[in-house]
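Note sheet for the following structure.
First listed ligand is number 1; within each ligand, the first listed atom is number 1. No hydrogens, no waters, no symmetry mates; every other heavy atom, side chains included, goes into these values.
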Amino acid sequence: MKNVILTGDRPTGNLHIGHYVGSISNRLKLQEKGGYDKFYIMIADTQALTDNADKVDKVKNNIIQVAIDYLSAGIDPEKVNIFIQSQVPELSEITMYFMNLVSVARLNRNPTIKEEIKQRGFSNSMPVGFMCYPISQAADILAFDANIIPVGEDQEPMLEQAREIARSFNSTYGEKVLVEPKSVLPETKNQARLVGLDGKLKMSKSAGNCIYLKDEPEVIKQKVMSAYTDPNHIKVSDPGQVKGNVVFEYLEAFATEESFKKYLPEYKNLDELKAHYKKGGLGDVKIKMFLNNVLQELLAPIRERRKELEKNVDKIYNMLFENGKKARQHAAKTLERMKNAMGIDYTKFLK
Ligand code: ATP
Ligand code: MG
């Protein structure tokens with residue numbers, strides 16, 4: 001079997017550190033490891049419109065922002081095809097055929113969608129397009145015969161849906177037409193679902209609780225200083241909670257033993273730091289300053305590369321358009337294979 005990697009992001013804002021640990025770091029590992037036949041990263045503008053129909057400018061303008069974020073984070077355009085979803089219209093046709101294989105009850109069982117509906121305040125006003133985006137996302141994956149999907153935890157239900165659709169299509173129309181995809185999740189649970197600065201929801205562009213890859217040093221510091229910790233840890237001497245404490249969640253995701261050696265040598269590792277915090281005698285300012293140092297070190301080179309890339313935006317648009325044509329050829333082949341299997345290739349009637 002061929003190895004095809006596919007993943008993507010919605011152009012609803014700049015990428016944040018949740019994306020970095022949740023998906024980008026695995027993309028970088030896969031890119032370095034090599035050994036794949038194709039590697040696609042899709043900027044999901046069509047999907048972003050499902051809950052932003054009246055905010056076309058936001059979606060449009062963030063396409064280039066997300067592309068620059070990828071490149072500045074280290075995605076290599078020589079190794080990876082980065083393209084825009086709407087430039088592959090075959091995906092919409094594939095979605096239509098898949099819609100017939102999924103029940104409304106099944107869509108309603110998707111836990112990520114349930115959380116997103118709550119977060120967006122949809123009740124009866126939920127757009128049909130939004131409700132169906134897991135089906136269109138299955139089309140995005142299956143159209144490229146992708147079998148390796150590096151994502152965060154919120155995407156697991158989408159992957160399950162995509163696998164079900166592949167199985168249902170294959171059993172209805174012909175075995176082995178579509179490939180079943182597998183997710184590649186980060187190593188730890190908190191990396192797979194990095195919590196937002198508010199300590200409530202997952203970090204997400206739509207919730208506005210993010211540290212962005214492009215944030216300037218003083219913005220990063222100000223956000224770190226405002227992060228939710230333990231509201232009962234008032235005096236330095238008070239014992240503190242590390243569970244649900246955003247600073248510890250982020251240290252868990254980003255701090256290494258090297259970080260301790262460099263910025264907080266009086267502790268060997270996170271376990272020691274946690275133990276002191278729980279016992280009492282360790283103030284929030286100290287742990288926040290440490291986190292600030294760790295994040296500043298991670299984000300400085302990304303921000304510098306971004307500044308260079310921003311000088312040549314035309315070149316990036318050209319790359320996206322050229323890549324879109326190649327992606328389209330791949331999706332068109334899958335669509336043809338699907339239509340053959342379904343028996344709706346009418347060209348045979350032509351004389
Ligand atoms: P939106 O609020 O518009 O949905 P988002 O911040 O949730 O934006 P997406 O574009 O939906 O970002 O997600 C892109 C990828 O990043 C997915 O693979 C998703 O699992 C991963 N991801 C998003 N947020 C996080 C997070 N907080 N922690 C880990 N991974 C994340
Ligand atoms: Mg999301």
- Query: Any luck finding a side-chain donor-acceptor pair between Asn323 and Tyr40 under 3.5 Å?
  - Reply: no

- Check whether the side chains of Gln65 and Asn14 place a donor and an acceptor atom closer than 3.5 Å, and report yes or no. yes

- Item | Single-linkage hydrophobic cluster Leu6~Ile24, side-chain heavy atoms < 4.5 angstrom | no

- ligand 1: which residues have a non-hydrogen atom closer than 4.0 Å? Gly8, Asp9, Arg10, Thr12, His16, Gly18, His19, Gly22, Arg120, Val151, Gly152, Asp154, Gln155, Gln191, Ala192, Arg193, Leu194, Lys202, Met203, Ser204, Lys205, Ser206

- So how far is it from Leu142 CG to Asp140 CG, rounded to the nearest 0.5 Å? 9.0 Å

- Item | Validation row, ring centre Phe290 to ring centre Tyr267 under 6.0 Å | no

- Message: Looking at His233 and Leu282, would you say the former's side chain and the latter's main chain have a donor-acceptor pair under 3.5 Å?
- Response: yes

